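Both ligands and their constituent atoms are indexed starting at 1 by order of listing. Computed from a predicted model, the values in this text were never measured in an experiment. Heads up: numbering here begins at 1 and tracks the sequence.
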Amino acid sequence: MTLSTEAIQKSEGEWQQVLSGPQFHVLRKEGTERPFSSSLNDEKRAGVYVCAGCALPLFTSLMKFDSGTGWPSFFTHIPGHLGMKKDFKLFLPRTEYHCIRCGGHQGHVFNDGPAPTGQRWCNNGAALRFIPA
Ligand SMILES: [Zn+2]
């Protein structure tokens, strides 16, 4: 696992070869998995959550909380490893975020999270891989 954040570029076909169907749908098509469909939703062990596309660490277990939404949720993230953009797919703009290295879509960030940040990073489980400590 490398911590370089130098951009990884792959064609759509190359991504399809290395990702599962659900991973490709979320990471490369900005898809959203069904709530409560990811086993990571209930993951409570200590460890690190890395991008399913390129293995860049994005969150740790210390950042996770149970939001009750059905998606793995975090109140902060590993600094410098996520990029953000406004997403106008719904009527109200929301903030999309993605892996800074491979550009893979991860989820959306909302302002109704717990202290200390008040943020809720609502992540697709298919876009993450959990590495137990
Ligand atoms: Zn990535």
Side-chain angles (χ1 to χ4, degrees):
M1 181 195 311
T2 170
L3 285 177
S4 165
T5 53
E6 192 175 331
I8 292 174
Q9 305 275 5
K10 286 191 209 292
S11 71
E12 188 158 314
E14 287 171 324
W15 280 119
Q16 269 177 317
Q17 287 182 3
V18 296
L19 298 174
S20 71
Q23 287 172 336
F24 183 82
H25 174 67
V26 172
L27 287 164
R28 310 315 309 179
K29 297 295 180 188
E30 291 194 20
T32 298
E33 70 195 12
R34 290 200 346 268
F36 300 101
S37 64
S38 170
S39 61
L40 293 185
N41 206 37
D42 296 320
E43 181 60 65
K44 291 183 170 58
R45 290 175 292 167
V48 179
Y49 295 83
V50 305
C51 174
C54 73
L56 187 69
L58 302 180
F59 305 98
T60 75
S61 52
L62 296 176
M63 302 168 177
K64 195 171 190 279
F65 72 100
D66 185 359
S67 66
T69 59
W71 289 280
S73 300
F74 305 86
F75 60 82
T76 188
H77 63 94
I78 295 174
H81 289 186
L82 291 174
M84 275 163 266
K85 71 174 198 283
K86 286 282 185 202
D87 174 334
F88 293 97
K89 282 185 180 173
L90 297 181
F91 289 108
L92 290 173
R94 29 173 210 175
T95 302
E96 184 273 353
Y97 65 90
H98 50 272
C99 171
I100 201 79
R101 184 158 66 180
C102 72
H105 171 68
Q106 292 288 330
H108 293 88
V109 58
F110 301 93
N111 289 322
D112 57 4
T117 62
Q119 297 170 352
R120 174 169 59 93
W121 296 76
C122 185
N123 216 100
N124 289 281
L128 293 172
R129 195 157 52 81
F130 179 66
I131 301 176

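Note that CG of N123 and OG1 of T69 are 10.5 Å apart. Values are rounded to the nearest 0.5 Å. In this structure, the separation between CD on Q119 and OG on S73 is 12.5 Å, given to the nearest 0.5 Å.
Counting only protein N, O or S atoms, 4 lie closer than 2.8 Å to the Zn ion (ligand 1).
Pairs passing the ring pair (Phe, Tyr, Trp, His ring centres under 6.0 Å) check and including a residue from residues 99-120, sequence neighbours excluded, read H105-H108. Among residues at least two apart or in separate chains, side chain to side chain donor-acceptor pair (under 3.5 Å) pairs with a member in residues 44-61 are E43-R45.
Heavy-atom contacts from other residues, nucleotides or ligands closer than 6.0 Å to CD of E14 number more than 12.
Think of F65 as one node in a network of Ile, Leu, Val, Met, Phe, Trp and Tyr side chains linked at under 4.5 Å; its network also takes in F75.
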